[in-house]
A.B. asks: 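What follows is a structure written as structure tokens; I'll ask about it next.
Convention: sequence-line order gives letters A, B, ...; per-chain numbering from 1.
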Protein chains: 4
Amino acid sequence: MAPESGPRRSERSRQAILAATRELIAEVGYGKLSIEGIAARAGVGKQTIYRWWPSKGAVVFDSLLALSQDSAGDIELPDTGDIRTDLRSVLRATVAEFADDEFQAPIRALHTEIMNDPQLATAYRERMDTPVREAKLRRLRSAQRAGQVAEDADLDLLLDMLYAPLTQRWLLRSGGIDAAFADALVDATLRAFAPA
Amino acid sequence: MAPESGPRRSERSRQAILAATRELIAEVGYGKLSIEGIAARAGVGKQTIYRWWPSKGAVVFDSLLALSQDSAGDIELPDTGDIRTDLRSVLRATVAEFADDEFQAPIRALHTEIMNDPQLATAYRERMDTPVREAKLRRLRSAQRAGQVAEDADLDLLLDMLYAPLTQRWLLRSGGIDAAFADALVDATLRAFAPA
Amino acid sequence: MAPESGPRRSERSRQAILAATRELIAEVGYGKLSIEGIAARAGVGKQTIYRWWPSKGAVVFDSLLALSQDSAGDIELPDTGDIRTDLRSVLRATVAEFADDEFQAPIRALHTEIMNDPQLATAYRERMDTPVREAKLRRLRSAQRAGQVAEDADLDLLLDMLYAPLTQRWLLRSGGIDAAFADALVDATLRAFAPA
Amino acid sequence: MAPESGPRRSERSRQAILAATRELIAEVGYGKLSIEGIAARAGVGKQTIYRWWPSKGAVVFDSLLALSQDSAGDIELPDTGDIRTDLRSVLRATVAEFADDEFQAPIRALHTEIMNDPQLATAYRERMDTPVREAKLRRLRSAQRAGQVAEDADLDLLLDMLYAPLTQRWLLRSGGIDAAFADALVDATLRAFAPA
DNA sequence: CAGTAAACGAGACGGTACGTCGTGTCTTATT
DNA sequence: AATAAGACACGACGTACCGTCTCGTTTACTG
């Protein structure tokens, strides 16, 4: 209805900025990432970045969001009928991701920002974490229906106990993570929330 | 016998730097903490900081290490004979700490540094984490002997499942943390590692 | 026609920098003149100085150039018809200038820079020295036409013999300079280049 | 007579400092000469320099004084009986010295110091300039006796008119200096102070 | 199909902090 | 006592980015 003569934002510039950000995180690391550097690499004026993003963290966030949304759409966990098997394979996949340096750097960067910016933390939760978490919850509820997980289990707690040890060891480098660790994690968690 | 004419470091300056660092983290926040600011506050030349610490993170680390070592000596967890009771009280204390802004800021700062500096992560593990972790392990082993925890339990995994969800929710602000959460965490963990 | 979108330099900052430089040379002396000090006094970022001047000496040079160009335009020596009278009055004026501390400090500073920076020496010659020297040469040629100076006299040499002893005594403080010295210098020089 | 138990100054260190100073002026230039550098090169504590010299300029001065005193002893100008011939050869020698980069750098350094330090200027005059100037005056007085220079000539003025143009052109790079210039300078000066 | 207003690239600006160098003073251990 | 060594407080260096601010120059919609 409204003519919508709002900000004529350049999609070209937007993409260039997000791409440049991703490249620079990979090349020089998050610590040496600068707005100035992003603008130069993207062939864009600094103002164009400041106009559309409130902080460096927000740019980093969007640049990774763009990535993750390519593979988004409809996330669904595998469902072989056996929750243990499925969780093991999912956790093993996560372990593999964390071992891949290509993945490490940007996600670590993102976490640094999130830790120190509550607003960003909310955005992260809503736009990146929740979709995946919903899928996990769906699979767990299916397991409950199949009698593989206690009916009254607190699934949020279950997910945290399942994933937090993994994420923490990776984030703080406080311990090795491998397939065996993933398996042990799954087993212990399922024991904790086994049906009565 | 040995003349020991090593580096004639000024203890006075060292203490002033560590104190200034702690004060500034509390006052202006970690993000606005600068070497320049620390030096000025401590009444010290910048070079004196650069001479003895390799990075800002290392100064932050040492400044908190000094704190934690005051209260160190011989850490011991309570032992009422009931592991559930003891873990609940310990976790509830941690929850309280995380709610206290005085504690929050510096520890969050430290974690930011650790995440992006593997060397610092090692130092953290060895000098700050391990002593506490050892005490926790001692209490758990006592629980094993009392038949309250499975004999073959992987205690490292147990500790991670017990603490990581808490730390993670706090660090990433990904969920509320309160006494009830602490209790639920203890209960689930003990279920996972209950004796056969 | 030409769009001329050259360097959008701030004239305001330029003037503030040159003024601050002049003030500081007078106040704290050349030895304690610092870029940092100039920037602070001028209310300007250091980078703005580094962006437009290659060295401290160049700033000093420009700051004095600005001064001398106020009084420039068309310099002309007095011409009473008697070269001896005119040169005496001009040299006596120079002697007076050298005695004035207001003039001393900046010019001494300038000479220090010139001595150690050939590029600056060239700039000095072209933009500050030459105009004055040309005026002197004009007066001398007029004296030649009047038969008061030898027709084949090397006027450059004449000027050097006239001025160098004065400048040198002042610069190196190697001897007193007063009106009598100026007069003796004029007389000896005119003797050396008298018509046959 | 006195037991002379005064400061036991290390001649070894003194020589090492003066030598290091000379070497560094030649290697890195006067502008980048530092007390720190001299001490390091000489294998000497900084304090040893500060103890015995009041300023960097004084060290530079002494380091060159040591050089010039090697060739000192009893300076005497040539005396062929013809003052024009003798002055020409002396001035040509000076021209040659100024063209030699080995000589240039340290003398230029010395002059920079002298210009900005009146005390040093005095020391220079008394200990380095006067001996040479006396020799020049002796030769000129001999020329007066030989009727080649006016009896009432102001020999100090004569020397300044003879040397200042040369020194000035070299110091400020304000003009070329060569043998022809030296000769013209001698001729003009002798004309100015020719016997009546 | 111009006219115009915004978003754009470029980059200068006032600042803050960086990490380094040199100053002149000092402290310690050696000679 | 003077020395070599070097830590210290301090001040300045020259650089990197910050976030804001003009500059012309597209660009895409209105009128």
Side-chain angles (χ1 to χ4, degrees), chain A residues 3-14 16 32-40 42-52 54-56, chain B residues 3-10 12-14 16 32-40 42-52 54-56, chain C residues 3-14 16 32-40 42-52 54-56, chain D residues 5-10 12-14 16 32-40 42-52 54-56:
Chain A
E4 178 56 77
S5 81
R8 266 87 48 86
R9 181 170 189 175
S10 159
E11 185 58 19
R12 179 187 224 297
S13 293
R14 189 175 168 273
K32 298 194 172 174
L33 182 67
S34 68
I35 299 279
E36 202 124 314
I38 295 170
V44 137
K46 279 199 290 176
Q47 203 57 254
T48 301
I49 299 180
Y50 285 110
R51 191 162 16 239
W52 301 110
S55 68
K56 191 172 74 172
Chain B
E4 178 54 75
S5 86
R8 253 173 308 287
R9 182 171 189 173
S10 159
R12 178 186 227 295
S13 294
R14 189 174 168 273
K32 298 194 175 175
L33 182 67
S34 68
I35 298 278
E36 201 124 318
I38 296 170
V44 138
K46 278 197 288 178
Q47 203 61 261
T48 301
I49 299 181
Y50 285 110
R51 190 162 17 239
W52 301 109
S55 69
K56 192 171 73 171
Chain C
E4 179 54 77
S5 85
R8 253 176 306 287
R9 183 171 186 174
S10 160
E11 184 59 19
R12 180 184 225 298
S13 294
R14 191 176 165 271
K32 298 194 174 174
L33 182 68
S34 68
I35 298 278
E36 201 125 316
I38 295 171
V44 139
K46 278 198 287 178
Q47 203 60 260
T48 301
I49 299 180
Y50 285 111
R51 186 154 29 231
W52 300 110
S55 68
K56 193 172 71 172
Chain D
S5 83
R8 268 88 49 88
R9 181 171 187 173
S10 159
R12 180 187 222 298
S13 294
R14 190 175 167 272
K32 299 194 173 174
L33 182 68
S34 68
I35 299 277
E36 201 124 313
I38 295 170
V44 138
K46 280 199 290 176
Q47 202 57 254
T48 303
I49 299 181
Y50 284 109
R51 195 169 5 247
W52 300 110
S55 69
K56 191 173 74 173

A.B. asks: Is W52(A) close enough to dC8(E) that one of its side-chain N or O atoms is under 4.0 Å from OP1 or OP2 there?
C.D. replies: yes
A.B. asks: Could you check how far CD1 of I49(D) sits from C1' of dT3(F), rounded to whole Å?
C.D. replies: 13 Å
A.B. asks: Pick the closest DNA chain E nucleotide for Y50(B) and for G45(C) by heavy atoms, then say which residue is nearer the 5' end.
C.D. replies: G45(C)
A.B. asks: How sharply is the helix from dC1(E)-dG31(F) to dT31(E)-dA1(F) bent, taking the axes over five pairs at either end and rounding to 10 degrees?
C.D. replies: 10°
A.B. asks: Might you point out which heavy atoms bring A39(D) and G45(D) nearest each other, and give the distance in Å?
C.D. replies: CB-C, 4.3 Å
A.B. asks: Taking CZ from R12(B) and C1' from dA9(F), how many angstroms apart are they, rounded to a whole number?
C.D. replies: 12 Å
A.B. asks: List in chain and number order the residues that pass side-chain hydrogen bond (donor to acceptor under 3.5 Å, both in side chains) with Q47(B), two or more places apart in sequence or in another chain; answer none if no residue qualifies.
C.D. replies: none
A.B. asks: Starting from C1' on dG24(F), measure out to CZ on R9(C) and report it in whole angstrom.
C.D. replies: 20 Å
A.B. asks: Find the distance K32(A):NZ to dT15(F):P and express it as a whole number of Å.
C.D. replies: 17 Å
A.B. asks: Which listed nucleotide (dA9(F), dA10(E), dT3(F)) is nearest to the side chain of R51(D)?
C.D. replies: dT3(F)
A.B. asks: With the side chain of E36(A) defined as its heavy atoms from C-beta on, choose the nearest nucleotide among dC13(F), dG14(E), dC17(F).
C.D. replies: dC17(F)
A.B. asks: Once rounded to the nearest 0.5 Å, what's the spacing between atom CZ of R14(C) and atom CH2 of W52(C)?
C.D. replies: 10.5 Å
A.B. asks: How close or far is atom P of dC18(F) from atom NZ of K56(A), stated in whole angstroms?
C.D. replies: 7 Å
A.B. asks: Taking the side chain of S13(A) as heavy atoms from C-beta outward, which of dA4(F), dA10(E), dC8(E) is closest to it?
C.D. replies: dC8(E)
A.B. asks: Which heavy atom of A16(B) sits nearest a heavy atom of A42(B), and at what distance?
C.D. replies: O-CB, 3.5 Å
A.B. asks: Step through the shown structure and confirm whether more than 12 heavy atoms of other residues, nucleotides or ligands are within 6.0 Å of CZ on R51(C).
C.D. replies: yes
A.B. asks: Find the distance I38(C):CD1 to dG14(F):C1' and express it as a whole number of Å.
C.D. replies: 14 Å
A.B. asks: Between the side chain of K56(C) and the main-chain N/O of L33(C), is any donor-acceptor distance below 3.5 Å?
C.D. replies: yes
A.B. asks: Measure from CD1 on I35(B) to P on dG11(F) and round the result to the nearest Å.
C.D. replies: 19 Å
A.B. asks: Supply the atom-to-atom distance S55(C) OG to I35(C) CD1, rounded to the nearest 0.5 angstrom.
C.D. replies: 8.0 Å
A.B. asks: Across the strands shown, which category fits G37(D) at heavy-atom distances under 4.0 angstrom: base, sugar-phosphate, nothing?
C.D. replies: nothing
A.B. asks: Any donor-acceptor pair under 3.5 Å joining the side chain of K46(C) to the base of dG15(E)?
C.D. replies: no
A.B. asks: On DNA chain F, does the nearest nucleotide to Q47(D) precede the nearest nucleotide to S10(B) from the 5' side, or the other way round? Give the residue.
C.D. replies: Q47(D)
A.B. asks: Which nucleotide in the list dC8(F), dC13(F), dC23(F) gets nearest to the side chain of T48(B)?
C.D. replies: dC8(F)
A.B. asks: The side chain of V44(C) lies closest to which of these nucleotides: dG14(F), dG14(E), dC18(E)?
C.D. replies: dG14(E)
